[in-house]
Amino acid sequence: MDIIRDLFGQREKAAALTREAFQRLPRHVGIIMDGNGRWAKKQGLGVALGHRRGVETLREIIRHTDDLGIGALSIYAFSTENWNRSAEEVGALMQLILDFFASEIDELHEKNVRILILGEKDVFPPRQRETLVRAEERTASNTGLTLNICLNYGGRAELARAARQIARDVLEGRLDVDEVDEKAVSDRLYTAGQPDVDLMIRTSGEMRLSNFLLWQCAYAEFLFPTVLWPEFTVAHYDEALLAYGGRDRRFGGRKP
Ligand code: IPE
Ligand code: IPE
Ligand code: MG
C-alpha cells in the first residue's frame with residue numbers, strides 16, 4: 001500500500017478498514033514497536049524525537065485496534081534490557097511515559113479501554129510509578145479493549161515470577177504439586193485470563209522476539225514488516241491484519 005506523506009513528513013490520514021473488511025480478526029495482537037532510532041537517524045534527528053514520533057504511531061494504532069473491536073493489544077514499550085541504553089535515552093523514554101498518559105488517559109478511559117502494565121513497576125521513578133498505578137486503577141473496571149503496555153517487561157522475568165508464585169502457593173498449601181499444569185502457569189502471568197497472542201507484528205525488519213511474551217506467543221502468527229515504527233500507519237496495520245486472516249492455523253492438527 002502506498003504511504004503518502006506531505007512535505008512536513010506528516011502522515012496523510014490513511015483510509016482505515018472497518019471490521020466487515022476482515023474475514024477473521026485476531027483476538028489478541030502483540031506489537032514490537034521497533035525502528036524509532038533508525039528513523040530518527042535517517043531524519044538527522046536525535047533518538048528522543050524518534051521515540052516521540054513513535055508515540056504518534058502508537059496513538060493511531062490503539063485507536064484503530066479499538067475501532068475494529070479487537071479484544072487485546074500488547075505493546076512492547078520498554079524491555080528489561082532497554083535499561084542498558086544511555087542515561088539520556090532512558091531519561092527521554094521516562095519522560096515520554098508521563099507525556100503519553102497525560103495526553104491519552106482521558107480518551108482511553110472514555111473509550112472503555114482497560115490498561116494493564118506488564119512488567120515490574122517498582123523500579124520506575126516515583127512519578128512514573130504513580131502514573132502507571134493510577135492508569136491501571138482508573139481503568140480497572142473498563143470492559144472494552146484490554147491494552148497491555150509492556151514496560152520494564154521481559155518474558156523470562158515474567159515466567160520466573162510465575163514460578164515464584166507457584167512455589168509460594170505450593171509451600172503455603174494453596175496448590176498441590178500435581179496441579180501445576182499449563183493453566184497454573186498461564187494464570188500467574190501478567191496476561192492471566194486473556195487469550196494467547198494470535199498475531200505478533202514487529203516493525204523495522206528485525207526478525208526476533210527480543211524476550212517479548214514468550215509463553216503467550218506459542219502459536220502466534222508472525223509478521224515482520226520492514227517499515228520503521230514511526231512510519232507504520234493504519235494502512236500497514238490493516239495489511240497485516242488481512243495477511244493474518246489468510247494464514248492457515250493448524251495448531252498441530254490436520255485439516256480433513
Ligand atoms: C524501539 O525503537 C523502541 C524502544 C526500544 C523503546 P528502537 O529505539 O529500538 O529503534 P532502533 O532499533 O534503534 O531503530
Ligand atoms: C525490543 O526492541 C524492545 C522494544 C521494542 C521496546 P529492541 O530494539 O530493544 O530489541 P533488540 O535490541 O533489537 O533485540
Ligand atoms: Mg530496536
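One-based numbering, in listed order, for ligands and for the atoms of each.
- Under a 4.0 Å criterion applied to the non-hydrogen atoms of Arg208, ligand 2 contributes the atoms 11 (P), 13 (O), 14 (O).
- Near Arg85, with a cut-off below 4.0 Å to any heavy atom, the atoms of ligand 2 are 7 (P), 8 (O), 9 (O).
- In this structure, Arg38 has no heavy atom closer than 4.0 Å to ligand 2.
- The closest approach between Glu206 and ligand 1 stays at or above 4.0 Å for every heavy atom of the residue.
- Contacts between Asn82 and ligand 1 below 4.0 angstrom, taking non-hydrogen atoms only, involve the side chain exclusively.
- Every atom of ligand 2 with a heavy atom of Met33 under 4.0 Å away is listed here by number and element: 5 (C).
- Between Phe212 and Tyr153, a ring centre-to-centre spacing shorter than 6.0 Å is recorded.
- Distances shorter than 4.0 angstrom occur between a heavy atom of His51 and an atom of ligand 1.
- Less than 4.0 angstrom separates some heavy atom of Phe78 from each of these atoms of ligand 2: 6 (C).
- With ring centers used as reference points, Trp83 lies under 6.0 Å from Phe124.
- For the ligand labelled ligand 1, residue Ser79 lies outside the 4.0 Å heavy-atom shell.
- At least one heavy atom of Gly35 sits under 4.0 Å from some atom of ligand 1.
- Checked against a 3.5 angstrom limit, the closest N/O atoms of Tyr76 and ligand 2 fall outside it.
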